[in-house]
Chemist: 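First, the structure itself, so that you have it in front of you.
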There are 2 protein chains.
Amino acid sequence: MGRPTDTRDRILATARELFLEKGVRDTSLQHIADRLGITKPALYYHFSSRDDLLRTIVTPMFEELEAFLAEQAGATAEELLGAYFDLAWRRRDTLVMILSDLSVLHELDLIARMLAFREGLTTILMGGAPELGARIRATVAVGGLSDTVVMFPREPYEQVRQAAVAAAIMALRG
Amino acid sequence: MGRPTDTRDRILATARELFLEKGVRDTSLQHIADRLGITKPALYYHFSSRDDLLRTIVTPMFEELEAFLAEQAGATAEELLGAYFDLAWRRRDTLVMILSDLSVLHELDLIARMLAFREGLTTILMGGAPELGARIRATVAVGGLSDTVVMFPREPYEQVRQAAVAAAIMALRG
DNA sequence: GTCTATAAGTTGATAGAC
DNA sequence: GTCTATCAACTTATAGAC
């Protein structure tokens, strides 16, 4: 891993910036180096590969999602959806990065982890192993919630949260 | 444009296949040619560029979406969401292709067209120019509906449709 | 219509000097 | 820690023979 250098942090910040602006796949190490005013090999001193850099940026959200699942075992649907909205809102930059190009997940072998989270959330939301109808309603609720975070990132947090969580809860009831 | 050749159709079928299997960005003309047992230059006889090929596959869905919007001007929310689900379900291969890699839209300059459709649908759904809360509820409904089509493409149409549309309608009411 | 051969560019990554 | 120089692999695309 290695201690956080100054340069290392600047690389991470610039990478996040470009991944968000132009998309992960359309951002090469060359672009990142150019914007930083350094050269490509300098990047390799701080990160062992492009994968390593990307993983460093993306994985914290997954760790947070999994910790979140572990905590909320006994919560109501309303508390659960509210807490999920808050996490998604806080990590919305990463969420946009991923939802704008889901093949990033495949590139980093993170698909199973994402599906496991979704399934875990659904299971807690509906209780036990739900039948198809319940899983579909949960998909509308969770998928819809995520979409609002991506579509209204500049609108006031309170307003988005109130309307989005209310809609998700209604969808869940079907 | 040109009349549909036999080879041209086989190229389109194989391209659709690979775009869906491996993703649009991870499918090169080489891959398509290899699976078809022809060479890359042969592709260029039938399509003027990779863009042309991709566009030929993707744009029919947009034309259908826009025709759909024009027809449903006076429909109820329930009819509208049901008809949208049917269209998305019928075109789910294209929808998966696009939602798996939204940068495809950017590549083909189709983002504005997609947003215009979403806005048009929202406007009809809510009537007039809706305030933020209503737009958020419509986003949960339409985004959630789209997600179910992507997540449950092999489940029975009737069951998915019934549960998904019901959930979307509830979300819309908020 | 389809081929061989090739151009011209980009990418991630490494060797080795300073 | 950062540089110059370079590599091998891949991409879209074209010229020209058959």
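Every chain is numbered from 1, with letters handed out A, B, ... down the list of sequences.
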Chemist: Mind calculating the distance between CZ (A:Arg25) and C1' (C:dT10) to the nearest angstrom?
Modeler: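 So the two atoms are 14 Å apart, to the nearest Å.
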Chemist: Using atom types as modelled and distance alone, determine if a side-chain donor or acceptor of A:Arg35 lies under 3.5 Å from a backbone N or O of A:Thr14.
Modeler: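 Judged by distance alone, no pair lies under 3.5 Å.
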Chemist: Calculate the interatomic distance between A:Gln30 atom CD and D:dC7 atom C1'; express it in whole Å.
Modeler: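 Rounded to whole Å, this separation is 15 Å.
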Chemist: Out of C:dG1, D:dT12, C:dA15, which nucleotide sits closest to the side chain of B:Ser28?
Modeler: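 The answer is D:dT12.
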Chemist: Side chain of A:Ser49 only, please: which of D:dT2, C:dA13, C:dA5 is the nearest?
Modeler: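 So the side chain of A:Ser49 is nearest to C:dA13.
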Chemist: Give a yes-or-no answer on whether the side chains of B:Ser103 and B:Arg25 include a donor-acceptor pair shorter than 3.5 Å.
Modeler: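 Result is yes, a qualifying pair exists.
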Chemist: Among D:dT11, C:dC3, D:dA13, which nucleotide sits nearest the side chain of B:Ala42?
Modeler: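 Given the options D:dT11, C:dC3, D:dA13, the side chain of B:Ala42 is closest to C:dC3.
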Chemist: CG of B:Leu43 versus C1' of C:dT2: gap in Å, rounded?
Modeler: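 Rounding to the nearest Å, CG of B:Leu43 and C1' of C:dT2 are 11 Å apart.
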Chemist: So, B:Asp34 and B:Lys40, do they make that salt bridge, N to O below 4.0 Å?
Modeler: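 Not counted as a salt bridge, because no side-chain N and carboxylate O are separated by less than 4.0 Å.
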Chemist: Per the side-chain contact (heavy atoms from CB on, under 4.5 Å) rule, which among B:Val149, B:Val150, B:Asp101 passes with B:Val96?
Modeler: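 Between B:Val96 and the candidates, side-chain contact (heavy atoms from CB on, under 4.5 Å) is satisfied uniquely by B:Val150.
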Chemist: Between B:Arg8 (CZ) and C:dT2 (P), how many Å, whole number?
Modeler: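 B:Arg8 atom CZ is separated from C:dT2 atom P by 13 Å.
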Chemist: Whole angstroms only, please: what is the CD1-C1' distance between B:Ile11 and C:dG1?
Modeler: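 The distance from CD1 of B:Ile11 to C1' of C:dG1 comes to 10 Å, rounded to the nearest Å.
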Chemist: If only side-chain N and O atoms of B:Tyr45 are considered, is one of them under 4.0 Å from the OP1 or OP2 phosphate oxygen of C:dG1?
Modeler: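 Affirmative; the distance criterion is met.
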Chemist: Whole angstroms only, please: what is the CG-P distance between B:Leu53 and D:dT11?
Modeler: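 Between P of D:dT11 and CG of B:Leu53: 15 Å.
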Chemist: Choosing from C:dT11, C:dG12, C:dT2, which nucleotide comes nearest the side chain of A:Leu29?
Modeler: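 Within the option list, the nearest is C:dG12.
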Chemist: Taking the side chain of B:Tyr44 as its heavy atoms from C-beta onward, which of D:dT11, D:dA13, C:dT2 lies nearest to it?
Modeler: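 The closest nucleotide is D:dA13.
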Chemist: For C:dT2, does either OP1 or OP2 sit under 4.0 Å from a side-chain N or O belonging to B:His46?
Modeler: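 Answer yes for this pair, as a side-chain N or O of B:His46 is under 4.0 Å from OP1 or OP2.
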Chemist: Starting at the 5' end of DNA chain C, which residue's closest nucleotide do you reach first, B:Lys40 or B:Thr7?
Modeler: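 Upstream on the strand: B:Thr7.
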Chemist: In whole angstroms, how far is the C1' atom of D:dT4 from the CD1 atom of A:Ile38?
Modeler: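 It is 15 Å, rounded to the nearest whole Å.
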Chemist: I'd like to know if B:Arg55 pairs up with B:Asp109 as an ion pair, taking the criterion as any Lys NZ or Arg NE/NH1/NH2 lying under 4.0 Å from an Asp or Glu carboxylate oxygen.
Modeler: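 No, B:Arg55 and B:Asp109 are not salt-bridged.
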Chemist: Do the side-chain N or O atoms of B:Thr39 get closer than 4.0 angstrom to the phosphate oxygens (OP1, OP2) of C:dC3?
Modeler: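 Yes.
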Chemist: Could you give the CG-to-C1' distance, from A:Asp26 to D:dT11, as a whole number of Å?
Modeler: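 One finds 14 Å between C1' of D:dT11 and CG of A:Asp26, rounded.
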Chemist: Can you tell me which nucleotide in D:dT14, D:dT11, C:dT11 comes closest to the side chain of B:Pro41?
Modeler: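 In terms of side-chain proximity for B:Pro41, the closest of D:dT14, D:dT11, C:dT11 is D:dT14.
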